[in-house]
Participant: 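I have a structure here, written as structure tokens, and I will follow up with some questions on it.
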Amino acid sequence: MRTATLPSFAPLSGAAEADVAVIGSGIVGLSTAWELARAGMSVVVLEAAALASGVTGHTTAKITALHTAVYDTLRSKHGDDVARQYAASQSAALRHVIEVSGELGIECELERRPAFTYCEEPEGVDALRAEADAARAAGLNASFVTATGLPFPVAGAVRVEDQAQFHPLKYLTGLVEDLVALGGRLHERTRVTQLDDGDPCRLTTDSGATVTARHVVVATHHPVFDDALLATRLSQHRDLVIAGPVPAGQDPEGMYISEENGKRSVRTSPLADGGRLLIITGEAFTPGTGEDTEAGYARLQSWAEQHFPGFSTAHRWAAQDNSSTDTLPLVGRLPAKGDNVYVATGFAGWGMTGGVLAGTIIASLVRGDEDPWGGLYDPGRVGSAVRSAPTFLKAQWDVGKHFVKDRLETLGDGTNGPVEDLRPGEGTVVRAGGKPCAVHRDDQGELHAVSAVCTHMGCVVDFNNAERTWECPCHGSRFGIDGEVLQGPALSPLERRDPTDL
Ligand SMILES: Cc1cc2nc3c(=O)[nH]c(=O)nc-3n(C[C@H](O)[C@H](O)[C@H](O)COP(=O)(O)OP(=O)(O)OC[C@H]3O[C@@H](n4cnc5c(N)ncnc54)[C@H](O)[C@@H]3O)c2cc1C
Ligand code: FES
């Protein structure tokens, strides 16, 4: 985000009309908007914050069809055909990025690299042999190897040739410039708070502005309008990321991921001074479940120092993605919202190819063409997705309920102990006037208090000590210390409380 400058746009005011309204401007929203504008449609993009400042602005941007160990899973859950279609569609998205950036002349640090899924422990080798076999059977140029470019030994790895990495915001800047040239309209700081589906559909924003559009694309990452309860088929995981210059002689010259140690992902990117930046991701956790994120950063740092001697962190950040119950992302018509509303979500940490692919699929459907992948990602699909939903829903509610119940039972009343004991930078949930209240003490010693009840569906939020945010364990909504929505599906802020009442 420091090395790309996207253009800025004013919030929407008044009433607008368009063929298509796209809600959200991550890689899904901007890819879809651009595909549709290129097809001659009038498009308006509405973004709650700044362009591409959501997950897309915090990704690690490997563009690859090797998604950790997805092929063995797909093969066993859905069969060989689905695994083949998945590989073909994700590879098509990779080619599409290369073609589009070439066609538009976008300088986005696009580099071809092999992708690896590796393990350090011998126990992981059988699974990776099976993945190499499944990925090859699905049509990828995959092999099992024991030598990689990493500066430490691995027990084994799947290697897939000719994948890529890029600077996602530079790529999207190119798309936005072309989108504007094609007549596309974009509005930042414009949160959509209501979607009335129909023909046409009508959107209302937080400032009361409206958009009337024949088609609406819900590209908000977690779907914010979700009558079909897709949330029950999605789980959240948040990752920590650290980055710093690559120590001399240790550029691994590839893109790596491992499921060990709560996940480790490694890639490099070019720096302006001719050096390279090492980007390391890991310590995946479910947001809002009491994880000590500072301790997570410390573990990631220590792993980085051990595996890349001389590494020191220059930047750190965190971001979250969601995964679907049946492994396949959800892309297509949004169930229970008529024929003209579309959604794309559930990329399981692979939304660069997934987001670009979603743009091509949704653009086909909006144009009235066939889904190029025959409904592989259709959110309304029947089969294992739907069959697995009740079990998953129950499991998810059980986890959420227990977590919330346990916490409510142990809440202090805030009149003594917890709040007085809060040190600068800390946060806690207490009971105030019988209701859960989220309290944070800032670096100046001032208390900030908000309702601890998530405005999405009522779960109780928890404090993230590294990011100083309130996070919801149920569907991953995130709020600032004064309650503002940082990430949906919640649409409204946490209610402010008066800290002097505690
Ligand atoms: C740490 C990390 C590393 C990753 N690395 C990779 C990788 O190497 N390769 C890969 O393929 N994938 C990777 N991913 C996954 C990928 O980044 C995501 O799947 C992808 O960016 C999701 O894009 P999106 O457009 O769906 O969401 P977002 O980029 O979050 O866009 C959604 C937008 O909608 C806006 N919005 C939300 N609600 C509203 C509303 N009501 N009104 C208006 N706007 C709204 C938000 O502000 C946001 O800008 C990674 C993910 C993480 C967390
Ligand atoms: S995100 Fe759904 S209840 Fe909080």
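Counting convention: from 1, in listed order, for ligands and their atoms alike. The figures that follow rest on heavy atoms only: side chains count, while hydrogens, waters and symmetry mates do not.
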Participant: Test R238 against T293 for side-chain contact (heavy atoms from CB on, under 4.5 Å), laying out the working first.
Facilitator: CA-CA 10 Å; R238 193 161 183 81; T293 33; over 6 Å; no
Participant: Going by the angle between their ring planes, with limits at 30° and 60°, are Y118 and Y256 parallel, tilted or perpendicular?
Facilitator: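 If you compare the ring of Y118 with that of Y256, the planes turn out perpendicular.
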Participant: Do H167 and T3 have side-chain N/O donor and acceptor atoms under 3.5 Å apart?
Facilitator: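 Present: a donor and an acceptor within the cut-off.
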Participant: With a cut-off of 4.0 Å, which atoms of ligand 1 are near a heavy atom of V28?
Facilitator: 24 (P), 25 (O), 26 (O)
Participant: What atoms of ligand 1 come within less than 4.0 Å of a heavy atom belonging to F347?
Facilitator: 19 (O)
Participant: Taking the basic N atoms (NZ, or NE/NH1/NH2) and the acidic carboxylate oxygens, is any pair closer than 4.0 Å for E484 and R191?
Facilitator: no
Participant: Taking the side chain from E47 and the backbone from S25, do they hold a donor-acceptor pair closer than 3.5 Å?
Facilitator: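 Such a contact is found between E47 side chain and S25 backbone.
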Participant: How about F308 and I280: do any of their side-chain heavy atoms sit closer than 4.5 Å?
Facilitator: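 In short, these two side chains touch, coming nearer than 4.5 Å.
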Participant: Quick one: does G349 get within less than 4.0 Å of ligand 1, heavy atoms only?
Facilitator: yes
Participant: In H475, the N, O or S atom nearest to atom 2 (Fe) of ligand 2 is which?
Facilitator: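 Atom name returned: ND1.
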Participant: Return the residue, atom name and 0.1 Å-rounded distance of the protein heavy atom closest to atom 18 (C) of ligand 1.
Facilitator: D321 OD2, 3.5 Å
Participant: Counting each atom of ligand 1 from 1 as listed, which ones have a heavy atom of W350 under 4.0 Å away?
Facilitator: 9 (N), 10 (C), 11 (O), 12 (N), 15 (C)
Participant: Pairs of nitrogen or oxygen atoms closer than 3.5 Å, one from I27 and one from ligand 1: do any exist?
Facilitator: yes
Participant: As an exercise, identify every atom of ligand 2 less than 4.0 angstrom from a heavy atom of C472.
Facilitator: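 So the answer, numbered in order with elements, is 1 (S), 3 (S), 4 (Fe).
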Participant: Less than 4.5 Å apart, any side-chain heavy atom of R381 and any of L330?
Facilitator: yes
Participant: Tell me whether Q236 contacts the main-chain N or O of Q320 through its side chain, where contact means a donor paired with an acceptor under 3.5 Å.
Facilitator: no
Participant: With a 3.5 Å cut-off and no angle check, do the side chains of N340 and D197 form a donor-acceptor pair?
Facilitator: no
Participant: Salt bridge check: are R276 and E111 linked by an N-O gap of less than 4.0 Å?
Facilitator: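 Salt bridge: yes.
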Participant: Considering both backbone and side-chain atoms of T281, is one of its nitrogen or oxygen atoms within less than 3.5 Å of a nitrogen or oxygen in ligand 1?
Facilitator: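 T281 vs ligand 1: no N/O contact under 3.5 Å.
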Participant: Within a 6.0 Å radius of atom CZ on R299, are there more than 12 heavy atoms belonging to other residues, nucleotides or ligands?
Facilitator: yes
Participant: Should M352 be counted as touching ligand 1, given the test is an N or O pair under 3.5 Å?
Facilitator: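 The answer is yes, given that M352 and ligand 1 share an N or O pair closer than 3.5 Å.
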Participant: Would you check the N or O atoms of V224, main chain and side chain alike, for any that come under 3.5 Å of an N or O of ligand 1?
Facilitator: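 No: no nitrogen or oxygen of V224 is under 3.5 Å from one in ligand 1.
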Participant: Check each of L486, L195, V192 against atom 40 (C) of ligand 1 and report the one with the nearest heavy atom.
Facilitator: V192
Participant: Taking atom 3 (S) of ligand 2 as the point of reference, which of Q487, M457, Q236, R478 owns the nearest heavy atom?
Facilitator: M457
Participant: So if I count the atoms of ligand 1 from 1 in the order they appear, which ones are less than 4.0 Å from some heavy atom of I23?
Facilitator: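 Listed by number with element: 40 (C), 42 (N), 43 (C).
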Participant: Enumerate the atoms of ligand 1 whose separation from the nearest heavy atom of A219 is less than 4.0 angstrom.
Facilitator: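 Listed by number with element, the hits are 32 (C), 33 (C), 34 (O).
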Participant: With heavy atoms of A319 as the reference, note each atom of ligand 1 found under 4.0 Å away.
Facilitator: 53 (C)
Participant: Would you please determine whether G354 falls within less than 4.0 Å of ligand 1 on a heavy-atom basis?
Facilitator: no
Participant: Regarding K263 and T68, do their side chains bring together a donor and an acceptor under 3.5 Å, going by distance alone?
Facilitator: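 Absent: no donor and acceptor within the cut-off.
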Participant: Is the gap between the SG atoms of C474 and C454 under 2.5 Å?
Facilitator: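 Unbridged: C474 and C454.
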Participant: If you measure from each non-hydrogen atom of A61 to ligand 1, which part falls under 4.0 Å: side chain, backbone, both or neither?
Facilitator: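 A61 to ligand 1: backbone contact only, side chain stays beyond 4.0 Å.
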Participant: How far is atom 34 (O) of ligand 1 from the closest protein heavy atom, and which atom is that?
Facilitator: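 Of the protein heavy atoms, G24 CA, 3.3 Å lies nearest.
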Participant: Check for me whether I63 has a heavy atom closer than 4.0 Å to any atom of ligand 1.
Facilitator: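 So I63 does not count as touching ligand 1.
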Participant: Using a 4.0 Å cutoff against the non-hydrogen atoms of L46, which atoms of ligand 1 qualify?
Facilitator: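 Heavy-atom distances to L46 below 4.0 Å select 43 (C), 44 (N).
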Participant: Looking only at atom types and distance, does a side-chain atom of T56 sit under 3.5 Å from a main-chain N or O of I27, one as donor and one as acceptor?
Facilitator: yes
Participant: Does any N or O in the side chain of E188 come within less than 3.5 Å of the main-chain N or O of F9, such that one atom is a donor and the other an acceptor?
Facilitator: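 Yes, because the side chain of E188 sits within donor-acceptor range (under 3.5 Å) of the backbone of F9.
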Participant: With distance as the sole criterion, is a donor-acceptor pair present between the side chains of T64 and Q163 under 3.5 Å?
Facilitator: yes
Participant: Looking only at protein heavy atoms, which one is nearest to atom 46 (C) of ligand 1, and how far off is it?
Facilitator: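 Protein heavy atom with the smallest distance to atom 46 (C) of ligand 1: E47 OE2, 3.4 Å.
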Participant: With a 4.0 Å cut-off on heavy atoms, is S25 touching ligand 1?
Facilitator: yes
Participant: Which bit of S477 is near ligand 2, meaning a heavy atom under 4.0 Å away: side chain, backbone, both or neither?
Facilitator: both
Participant: Measure the distance from atom 50 (C) of ligand 1 to every protein heavy atom, then report the residue, atom name and distance (to 0.1 Å) of the closest one.
Facilitator: T59 OG1, 3.4 Å
Participant: Give the residue, atom name and distance (to 0.1 Å) of the protein heavy atom nearest atom 9 (N) of ligand 1.
Facilitator: K62 O, 2.8 Å
Participant: If we ignore hydrogens and angles and just use 3.5 Å, is the side chain of R112 paired with the main-chain N or O of D162 as donor and acceptor?
Facilitator: yes
Participant: Which bit of D239 is near ligand 1, meaning a heavy atom under 4.0 Å away: side chain, backbone, both or neither?
Facilitator: side chain
Participant: So which N/O/S atom does H456 have closest to atom 2 (Fe) of ligand 2?
Facilitator: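 Going through the N, O and S atoms of H456 one by one, ND1 ends up nearest to atom 2 (Fe) of ligand 2.
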Participant: Where on Q320 is there a heavy atom closer than 4.0 Å to ligand 1, on the side chain, on the backbone, on both, or on neither?
Facilitator: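 Backbone only.
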Participant: Which residue and non-hydrogen atom of the protein lie closest to atom 37 (C) of ligand 1, and at what distance in Å?
Facilitator: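 Checking every protein heavy atom, the shortest distance to atom 37 (C) of ligand 1 gives T220 CB, 3.6 Å.
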Participant: Run the numbers for me: atoms of ligand 1, each under 4.0 Å from some heavy atom of L491, listed by number.
Facilitator: 41 (N)
Participant: Quick one: nearest non-hydrogen protein atom to atom 30 (O) of ligand 1, plus distance?
Facilitator: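 Protein heavy atom at minimum distance: V55 N, 2.9 Å.
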Participant: Which residue supplies the protein heavy atom nearest to atom 45 (C) of ligand 1, what is that atom called, and how far is it?
Facilitator: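 Here the closest protein heavy atom is A48 CB, 3.6 Å.
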Participant: When rounded to the nearest 0.5 angstrom, what is the spacing between CD in E471 and CZ in F285?
Facilitator: 5.5 Å
